[in-house]
2 protein chains.
Amino acid sequence: MNKKDAILEAANLLFARKGFKDTSMAEVSKLTGAAEGTIFYHFKTKEGIFLSILEKVKEDITAEFTAYRQAREFRNGLEMMEGAIGFYLHQVSQMEDRFLILYRHYPYELARTNPRCRDNLIAIYECLLDIFEEAIVAGQQDGSIRPGPSRKTAMLVFAMLDGLVRLKIYNLYDAASLYGELLTVCQRILKNP
Amino acid sequence: MNKKDAILEAANLLFARKGFKDTSMAEVSKLTGAAEGTIFYHFKTKEGIFLSILEKVKEDITAEFTAYRQAREFRNGLEMMEGAIGFYLHQVSQMEDRFLILYRHYPYELARTNPRCRDNLIAIYECLLDIFEEAIVAGQQDGSIRPGPSRKTAMLVFAMLDGLVRLKIYNLYDAASLYGELLTVCQRILKNP
DNA sequence: TTCCTAACTGAGTACTCAGTCAGTTTCGGA
DNA sequence: TCCGAAACTGACTGAGTACTCAGTTAGGAA
């Protein structure tokens, strides 16, 4: 791995675990073995590093979820939805450092003034919501999921997942032990009676 | 209002809107009109200010929700639950600066090392979850809500609310326009068929 | 009025941080 | 082998930062 990528990886790890403000360039330098000067040779500013990381986060997440979407086959929309929920939770722990970036305040603060940041965030959330919505629409067509506003329902399910992951991140409750109940609840929300 | 309380209010506002790390004591001093020395006369450290604020957040939130719990009467548990959801969303915008503290990373990071912080956070979440759970248990007794693990269900509903509020805070989607669908979804989760 | 204490002040301190720059090393092509 | 450019270095800078402290003011009791 070249030094530029090593810097991005180290910064991603630190930003994810300690946050943007609480990570100093000295720490990134130490973790990569690159001098501070080298970091600023490759990136103009600390914010620039963050933007490059977010770009990578977007690419990785959209790639993973797009691949999943195309590969898996399901008997119906409802099972597709359950699969998507499981896959999301799986990916959150698999690509923990990528997702932890999104579970912090900084990207959304930056998005207010920086359009590139905003565009990347929107792309990520669109991609995730699209998968849930696609499953709902499919389910509504095959009759496994009841009719209703597909996008809004997708958002509510996603909001629940998001809230659940946060409970775990914040050490308030272990999300895993809620997984069974989560699926039951989602079935109740979606299943065509 | 005495100066000590004024400092707490100003710091609360700034911590809520800009975050703990991004708020300097100089800013707090400017907003209150108190000299920096005065701030450190009343509080040992910046972290100490935060802990006092969190204490106040806990007191305010538990007071509001306990009052609500005792005052309102409902025809059944399901309506009680719907009322609680509406009240939560109402309170989040009513006491915005109090809740925004909780929607940041810092308190949960501090909670890892500071038991006082941890205790306050737990007290807040226990109080909120208790209200939802109380409604569920009541509903299960009067037959309006289907049987099931009340605490876990309360958590999932709360996680959805939490996720929804975040969508709004992060400027990703307006939670208000999902309110109708939210209630429908909650009914499906809870209603005894 | 006197005196003590609590409240308050802001210049000062020691430190951290993002970002710079003059100089060195590495490397690929001629 | 030489050359030029790209990659890399780390000491340095200047702008913050949380917190201190010697001194001033306000308030209340004797």
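So you know, we letter chains A, B, ... as the sequences are listed, proteins then strands, and number each from 1.
- Cluster annotation: L129(B) is not connected to I122(B) through the hydrophobic network of ILVMFWY side chains, with a link wherever side-chain heavy atoms come within less than 4.5 Å.
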Full working for side-chain contact (heavy atoms from CB on, under 4.5 Å) between Y125(A) and Y173(B): CA-CA 11 Å; Y125(A) 283 99; Y173(B) 199 80; over 6 Å; no
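- Of the candidate nucleotides dA18(C), dT9(C), dC8(D), dC8(D) has the atom lying nearest to any side-chain atom of H42(A).
- Taking the centre and axis of the six-membered ring of Y106(B), the NZ or CZ atom of K21(B) falls outside the cone set by 45° and 6.0 Å.
- Following rounding to the nearest Å, Y41(A) (OH) and dT26(C) (C1') show an atom-to-atom distance of 12 Å.
- Heavy atoms of T23(B) sit under 4.0 angstrom from primed sugar atoms or phosphate atoms, though from no base atom.
- In this entry the distance linking CD of E36(B) with P of dG16(D) reads 13 Å, nearest Å.
- If you take CZ of F20(A) and P of dC17(C), they are 13 Å apart, rounded to a whole angstrom.
- Spacing between atom NZ of K46(B) and atom P of dA18(D) amounts to 4 Å, rounded to whole angstrom units.
- What separates CE of M25(A) from P of dA11(D) is a distance of 17 Å, to the nearest Å.
- One can place CZ of F40(B) at 17 Å from P of dA7(C), the figure rounded to the nearest angstrom.
- Atom CG of N2(B) and atom P of dG27(D) are 14 Å apart (whole Å).
- In this structure, D22(A) places its CG atom 10 Å from P of dA18(C), rounding to the nearest Å.
- Ranked by how close their nearest DNA chain D nucleotide is to the 5' end, G33(A) and K21(A) are led by G33(A).
- V137(B) and F87(B) fall into different hydrophobic clusters, where Ile, Leu, Val, Met, Phe, Trp and Tyr residues are linked whenever their side-chain heavy atoms come under 4.5 Å apart, directly or through other members.
- Between T38(A) and the phosphate of dT9(D), there is a side-chain N or O to OP1/OP2 separation shorter than 4.0 Å.
- Within the 4.0 angstrom heavy-atom criterion, only backbone atoms of the sugar-phosphate kind lie near S24(A); the bases stay farther away.
- Under a 4.0 Å N-O distance rule, the pair K18(A)/E109(B) does not qualify as a salt bridge.
- Between dT9(D) and K3(A), a contact under 4.0 Å exists linking OP1 or OP2 to a side-chain N or O.
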